[in-house]
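Note sheet for the following structure.
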Amino acid sequence: MVYLAGAKLPLYTFGIKQTLGSNKRAHTSSDDHCVPGDVGDFNDYEADDSPQENYFLDELLLAQWEDRMVRGLFRYDVTACETKMLPGEYGFIAQLNEGRHLQKRPTEFRVDQVLQPFDPKKFNFTKVGQEEILFQFGPSEDNVSEFYEKAPVLSSPNVVAINVSPIEYGHVLLVPRVLDRLPQRIDQDSFLLALYMAAEANNPYFRLGYNSLGAFATINHLHFQAYYLAAPFPIERAPTTRVSYGRKKGGVKVYELSKFPVRGLVFEMCNSLEDLSVAVANACVYLQNNNIPYNVLITDRGSRVFVLPQCFAERQARGEVDQEILDTQVNPAVWEISGHIVLKQRKDYDLATEEYAWKLLAEVSLSAERFEEVKAECLKAAFEGPPSDSMAQPPALPNGGSYNLLEKEQAVLIKSNIHKANSMDGVVPNVGEVGVEG
């Protein structure tokens with residue numbers, strides 16, 4: 001990503017939220033969950049409709065995403081892809097996307113190593129065109145969310161960019177400290193940033209996902225994916241059982257998925273996003289350090305997180321995956337595991353059933369015995385992990401910078417509850433290698 005002297009990008013700063021008192025559950029399988037605010041029933045899937053609460057998602061992120069679609073920056077029109085809900089108890093969602101696997105960037109690294117060093121010679125997000133960047137994203141110091149239409153580019157900003165090979169409406173990437181060239185590995189600061197993005201969107205239809213290397217990440221440059229889909233994911237509706245370890249410890253409750261084809265843990269916020277980030281990030285660090293591929297789904301406005309260790313690539317390498325599953329060419333990454341399955345061939349889409357979806361995801365899951373071992377270590381790491389001085393803090397600005405110290409002559413300030421984002425005036429177009437995708 002090449003910035004010329006004086007170049008500017010839009011900037012959205014969010015107020016640090018210590019708690020989410022107004023956060024509402026999208027739906028629940030148990031009234032024992034401790035997410036703050038009102039707890040709805042299974043069909044309680046309504047977003048808040050006040051202009052200020054929806055500005056970030058509706059008036060900024062999705063509006064800018066649609067602007068890039070009009071400008072022809074995507075490799076295909078994802079809004080024209082056929083989508084259907086498969087009949088059955090869980091409501092798996094199938095999409096026919098025949099263009100994605102033909103145009104998506106191939107994986108350029110080993111799939112048997114979760115941690116690999118960043119390689120500047122391979123494709124990464126420093127090589128994309130600036131017109132694909134929607135805005136910079138980071139914390140303000142006055143606890144007020146604001147949008148700057150034109151702001152100086154910081155030394156290594158967090159950026160939100162389009163995914164040029166989208167799988168759903170509003171598909172974007174959150175790239176923490178993009179110019180620091182961080183490899184694909186979660187830490188507490190980056191994960192807290194992702195939680196803040198979910199909280200700022202303030203809509204249960206907007207989720208963030210993460211794929212580790214070995215779990216179908218295709219680019220070894222730290223990033224999260226996100227998109228808007230107006231339907232509950234099957235994994236969100238799956239029953240859960242309480243895990244006694246860590247009960248209310250550290251302001252987080254933990255559950256285990258039950259009656260779902262993929263075994264996984266569910267972390268839920270009781271007090272703050274910071275507490276949740278510490279627990280989840282520590283669990284992810286354990287998985288990374290022990291070479292266990294995994295996927296993460298962030299839901300319910302950042303208050304609920306699914307951690308899903310998987311072994312599909314390992315089983316495939318050993319020749320243990322059913323050939324019928326392999327023939328569909330589906331890569332079970334975070335969205336597929338969550339129940340939104342992207343199919344590449346018309347025949348597979350036409351014949352898709354809940355039984356097929358269950359069979360596909362069953363190939364992903366760890367065995368019951370192996371999962372119990374991994375679960376115990378994840379919980380130990382989550383609640384007895386790094387010492388207190390390494391706990392998550394609000395996302396730091398590069399080189400000690402401060403967003404709220406931007407001078408008026410350097411930035412055009414637009415209050416987040418008043419104005420819609422305008423075009424990216426001042427951004428240098430067509431610089432670098434076009435093609436951001438996750």
Side-chain angles (χ1 to χ4, degrees), residues 29 83-97 100-101 111 167-168 207-218 225 227 229 231-241 255-266 287 292-299 304-345 347-372 374-375 378 438:
S29 59
T83 299
K84 64 182 179 181
M85 184 171 290
L86 303 181
E89 178 182 358
Y90 284 84
F92 286 97
I93 303 162
Q95 179 196 95
L96 176 62
N97 193 328
R100 180 173 168 83
H101 77 289
V111 298
I167 66 173
E168 192 47 76
R207 296 91 160 181
L208 282 86
Y210 175 89
N211 301 316
S212 78
L213 301 187
F216 299 101
T218 57
Q225 302 187 45
Y227 61 71
L229 180 65
F233 282 171
I235 198 170
E236 296 174 291
R237 305 173 68 168
T240 58
T241 56
Y255 298 80
E256 181 179 338
L257 286 170
S258 59
K259 297 181 181 179
F260 196 73
V262 180
R263 297 177 177 88
L265 294 173
V266 187
L287 294 172
I292 301 171
Y294 67 97
N295 308 90
V296 176
L297 179 70
I298 300 171
T299 70
R304 194 178 190 213
V305 180
F306 297 78
V307 177
L308 306 156
Q310 70 147 290
C311 60
F312 187 89
E314 178 184 345
R315 287 172 51 81
Q316 183 178 3
R318 294 201 304 255
E320 297 175 357
V321 177
D322 191 295
Q323 187 60 44
E324 180 183 358
I325 296 298
L326 295 177
D327 289 343
T328 65
Q329 304 176 49
V330 173
N331 295 327
V334 61
W335 307 120
E336 286 76 14
I337 292 174
S338 302
H340 186 200
I341 299 173
V342 180
L343 297 164
K344 304 172 183 179
Q345 302 171 96
K347 63 181 180 64
D348 296 324
Y349 178 79
D350 290 341
L351 297 174
T353 63
E354 183 172 277
E355 181 183 5
Y356 159 76
W358 193 279
K359 185 176 180 180
L360 166 67
L361 297 187
E363 298 280 11
V364 174
S365 184
L366 301 186
S367 67
E369 181 180 4
R370 176 59 175 152
F371 177 73
E372 287 300 316
V374 171
K375 178 179 73 172
C378 279

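Note that the numbering runs from 1 along the sequence shown for the chain.
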State the [atom1]-[atom2] distance between [X] and [Y], to the nearest 0.5 angstrom.
| X | Y | atom1 | atom2 | answer |
| --- | --- | --- | --- | --- |
| Leu297 | Asn211 | CG | CG | 10.5 Å |
| Glu89 | Glu354 | CD | CD | 6.5 Å |
| Tyr210 | Asn295 | OH | CG | 9.5 Å |
| Thr328 | Lys347 | OG1 | NZ | 8.0 Å |
| Phe216 | Phe312 | CZ | CZ | 5.5 Å |
| Leu96 | Ile341 | CG | CD1 | 13.5 Å |

_Lys84 NZ/CZ over Tyr349 ring centroid, <6.0 Å and within 45° of normal_ =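 The answer is yes, since Lys84 meets both limits relative to Tyr349.
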Hey, does the side chain of [X] reach the backbone of [Y] with a donor-acceptor pair shorter than 3.5 angstrom?
| X | Y | value |
| --- | --- | --- |
| Thr299 | Arg207 | no |
| Gln345 | Gln329 | no |
| Ser212 | Tyr294 | yes |

Nearest heavy-atom pair of [X] and [Y]: which atoms, and what distance?
| X | Y | result |
| --- | --- | --- |
| Glu363 | Val321 | OE1-CA, 3.8 Å |
| Gly91 | Pro234 | O-CG, 3.5 Å |
| Cys311 | Ser365 | SG-O, 3.3 Å |
| Ser258 | Ala238 | O-CB, 4.3 Å |
| Leu308 | Gly264 | CD2-CA, 3.9 Å |

*Can you establish whether the number of heavy atoms outside Glu372 located under 6.0 Å from its atom CD is more than 12?*
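Yes, the 6.0 Å shell around CD holds more than 12 heavy atoms from other groups.
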*asked:* Other residues, nucleotides and ligands only: do more than 12 of their heavy atoms fall within 6.0 Å of CD on Gln323?
replied: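 Yes, because the 6.0 Å sphere around CD of Gln323 holds more than 12 heavy atoms from other groups.
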*Can Glu314 and Arg318 be counted as an ion pair, charged N to O under 4.0 angstrom?*
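The answer is yes: the pair qualifies as a salt bridge.
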Beyond-backbone contact of [X] with [Y], side-chain heavy atoms, under 4.5 angstrom:
| X | Y | result |
| --- | --- | --- |
| Leu86 | Thr353 | no |
| Val305 | Val296 | yes |
| Leu265 | Cys378 | yes |
| Arg263 | Lys375 | no |
| Arg304 | Tyr255 | no |
| Leu257 | Phe306 | yes |
| Leu361 | Phe92 | yes |

_Partner of Gln310 by side-chain contact (heavy atoms from CB on, under 4.5 Å), out of Ile292, Val262, Leu366, Ile337_ =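 Going through Ile292, Val262, Leu366, Ile337 one by one, the side-chain contact (heavy atoms from CB on, under 4.5 Å) with Gln310 is satisfied by Ile337 alone.
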*Measure up the Tyr227 and His340 rings against each other and bin them: parallel (under 30°), tilted (30 to 60°), perpendicular (over 60°).*
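Perpendicular.
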*Begin with the C-alpha distance, continue with both residues' side-chain angles, and end with the deciding distance and a verdict on side chain to side chain contact (heavy atoms under 4.5 Å, CB included) for Leu229 and Trp335.*
CA-CA 11 Å; Leu229 180 65; Trp335 307 120; over 6 Å; no
*Assess whether side chain to side chain contact (heavy atoms under 4.5 Å, CB included) is satisfied between Val342 and Asn331, documenting all intermediate values.*
CA-CA 9 Å; Val342 180; Asn331 295 327; over 6 Å; no
_Steps toward side chain to side chain contact (heavy atoms under 4.5 Å, CB included) verdict (Lys344, Val330)_ = CA-CA 7 Å; Lys344 304 172 183 179; Val330 173; 5.6 Å; no
*Kindly indicate, with the supporting measurements, whether the criterion side chain to side chain contact (heavy atoms under 4.5 Å, CB included) is fulfilled by Glu168 and Gln225.*
CA-CA 11 Å; Glu168 192 47 76; Gln225 302 187 45; over 6 Å; no
